[in-house]
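A short worksheet on the structure shown next.
A, B, ... follow the sequence lines: proteins, then strands. Residue 1 opens every chain.
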2 protein chains.
Amino acid sequence: MAEESEVIRSRGGTRERIMDIAQEAVLAKGFEATSIDEIVAAARITKSGFFYHFSDKTALARALLERYLEQEEAIFDDVFGRAAELSDDPLQILLIALKLLAEVVENLPNGHPGCLVATTAYQDRLFDAEVRALNREGVAAWSARFRGHLEAVATAHPPTRPVNLDDLADMVTGVCEGGIVLQKALDDRTAMARQILLLRTFIGMLFR
Amino acid sequence: MAEESEVIRSRGGTRERIMDIAQEAVLAKGFEATSIDEIVAAARITKSGFFYHFSDKTALARALLERYLEQEEAIFDDVFGRAAELSDDPLQILLIALKLLAEVVENLPNGHPGCLVATTAYQDRLFDAEVRALNREGVAAWSARFRGHLEAVATAHPPTRPVNLDDLADMVTGVCEGGIVLQKALDDRTAMARQILLLRTFIGMLFR
DNA sequence: GTTCCAACTGAACCTGCGGTACAGTTAAGT
DNA sequence: ACTTAACTGTACCGCAGGTTCAGTTGGAAC
């Protein structure tokens, strides 16, 4: 049988390949600075090939953000799912999940490559209201998830100090985002994981 | 006497005006997406005027980052200076400083406009090693400052749990950066201040 | 074995951007 | 009166950027 030719025709994988290449560049240089020429050169296709997959450059931005949000949801599903199998106590589940999350980002080959939500937020004047709404709802969904877990924790273990659970839910996202900025600015691939673990310590302190 | 004409000649203020306009645009769209044409139009000067002040576009980037780091240092000096006048206890000084910091960012007219360190970190492939080093050292200086305060706090009030003070110092920066991302992504100008205050709660808990 | 379609290629187009060159102008300082 | 800083005005350049579209290819279905 004919083995899978990787170059001649890629049978549907091209779009994903374009997006992988584009995402890496966008996270390192920004959206406007990432040229279609550079993407198609790296993907070994022509410019026309790019425009077969994306109607224009903004369609690429939207597709990247949508895919990124789905991938992140999948990671959280995985991490909280695995945590829920290891304990029945809401606090333990949350603490285990944060530990697993720290491990996931620590084990990424070159550290976390960067968050598309953050880049989009820092370049939002480039995009239309739809993309901005997508970004807003993506972060809101993360916060809602964390907030759900935190409510379960708080009922089982009343916090030792009054804290706003909405703010605390946002802080999980915020510490991740801040950790990535630290990691990139300091060129220290362990910074994000350490920030997550420190937040974990604080959450452990709070509910006990 | 001739009153100060604000338009005809700005007596040295032009360079600052260029930088103000450029910074706002860079924080909203990214560096590459901010064109010189657009800057000079907003600053009501000509292109030649721009190149009189900056040898090229990268010189603008460097100048923006240098100025931003100085401004941030000034804010921290102010906040910790005022806090030190209100207490002698290291913990109280730190807690007051964080409160004041939250107030400062809360009272900004449209919320915090964004951190140049974060944009630079997320677009570092656009810049040379010098700018990247500037960014790294800027964040390192913030961390060193916070770390100094934290050491004083820890000797006066041993922490109730073992934590790495380097990570905690980084977290002050990280929570600010994460708070800005949240603020931009959620379009909620209060997010950053609330994140700082929540970190303050955690620090209060830790050293007691 | 023609027809059909998805997945491209090739070539051209045009705008806008960063940057240059350089001569002239204005007002403040000395 | 002379000098200097801080610009303006105009013209130009090369090229890289996004976009368009007519045409090609190769596998699958009938």
Side-chain angles (χ1 to χ4, degrees), chain A residues 1-26 28-65 123 125-128 131, chain B residues 1-26 28-64 67 123 125-128 131:
Chain A
M1 66 205 77
E3 62 255 69
E4 292 285 321
S5 158
E6 347 150 17
V7 173
I8 305 173
R9 188 92 358 162
S10 33
R11 289 168 234 276
T14 304
R15 190 185 153 96
E16 292 294 312
R17 211 167 74 249
I18 293 172
M19 289 174 72
D20 291 343
I21 291 162
Q23 180 162 323
E24 200 205 322
V26 167
K29 305 193 302 190
F31 184 71
E32 188 100 357
T34 300
S35 73
I36 296 175
D37 279 328
E38 132 190 33
I39 295 168
V40 303
R44 313 272 233 111
I45 56 170
T46 60
K47 238 176 185 180
S48 326
F50 175 89
F51 283 101
Y52 172 77
H53 290 287
F54 301 98
S55 61
D56 54 23
K57 208 186 170 191
T58 75
L60 171 66
R62 195 163 7 89
L64 282 177
L65 187 55
Q123 297 170 48
R125 282 287 109 87
L126 291 180
F127 308 115
D128 56 19
V131 170
Chain B
M1 67 206 77
E3 62 255 72
E4 291 285 322
S5 159
E6 345 151 18
V7 173
I8 305 172
R9 189 91 356 161
S10 33
R11 290 167 235 279
T14 302
R15 189 185 154 95
E16 292 294 311
R17 212 168 72 252
I18 292 172
M19 288 173 72
D20 291 343
I21 290 162
Q23 180 163 323
E24 200 205 321
V26 167
K29 306 192 302 188
F31 184 71
E32 189 101 355
T34 300
S35 74
I36 296 174
D37 280 330
E38 134 191 30
I39 294 169
V40 303
R44 314 268 236 112
I45 57 168
T46 60
K47 223 174 186 180
S48 324
F50 176 89
F51 283 104
Y52 173 77
H53 289 288
F54 301 98
S55 61
D56 54 23
K57 210 187 167 189
T58 73
L60 171 66
R62 195 163 5 91
L64 282 177
R67 189 184 68 157
Q123 297 170 49
R125 281 288 109 90
L126 290 180
F127 307 114
D128 56 19
V131 170

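Among the protein residues, Thr34(B) comes within range of the sugar-phosphate backbone only, with heavy atoms under 4.0 Å from sugar or phosphate atoms but none that close to a base.
Atom NZ of Lys47(B) and atom P of dG16(C) are 12 Å apart (whole Å). Distance CZ (Arg15(A)) to P (dA6(C)): 15 Å, rounded to an integer number of Å. Distance, Ile36(A) CD1 to dT20(D) C1': 12 Å, rounded to whole Å. The separation between Arg44(B) atom CZ and dT8(D) atom C1' is 14 Å, rounded to whole Å. Summarising the geometry, the separation between CZ on Phe50(A) and P on dA7(C) is reported as 16 Å, rounded to the nearest angstrom. Put simply, CZ on Phe51(B) is 12 Å from P on dA21(C), counting in whole angstrom units. In this structure, Asp56(A) atom CG and dG18(D) atom P are separated by 11 Å, rounded to whole Å. Rounded to a whole Å, the CZ atom of Phe54(B) is 14 Å from the C1' atom of dA6(D).
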*Just do the salt bridge (charged side-chain N to carboxylate O under 4.0 Å, His left out) check on Asp20(B) and Arg67(B) with the steps written out, would you?*
CA-CA 10 Å; Asp20(B) 291 343; Arg67(B) 189 184 68 157; 2.9 Å; yes
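Taking CZ from Arg15(A) and CZ from Phe54(A), the interatomic distance works out to 4.0 Å, rounded to the nearest 0.5 Å. Rounding to the nearest 0.5 Å places NZ of Lys57(B) at 9.5 Å from CZ of Phe51(B).
Applying the 4.0 Å criterion to OP1 and OP2 of dC7(D), one finds that Tyr52(B) has every side-chain N and O outside that range. At dC8(C), one or more side-chain N or O atoms of His53(A) fall inside 4.0 Å of OP1 or OP2 (strictly under the cut-off).
Looking at heavy atoms from C-beta onward, His53(B) lies out of side-chain contact with Ile45(B) at the 4.5 angstrom threshold.
Listed nucleotides dT9(C), dC7(D), dG19(C) differ in distance to Thr14(B); the shortest reach to its side chain belongs to dC7(D). Of the listed nucleotides (dT20(C), dC8(C), dC17(C)), dC17(C) has the atom at the smallest distance from the side chain of Asp37(B). For Lys57(A), the listed nucleotide lying nearest its side chain is dG18(D); candidates were dG18(D), dG18(C), dT10(D).
Asp56(A) and Thr58(A) share a side-chain donor-acceptor pair at under 3.5 Å.
Applying the 3.5 Å distance criterion, the base of dG17(D) shares no donor-acceptor pair with the side chain of Ser35(A).
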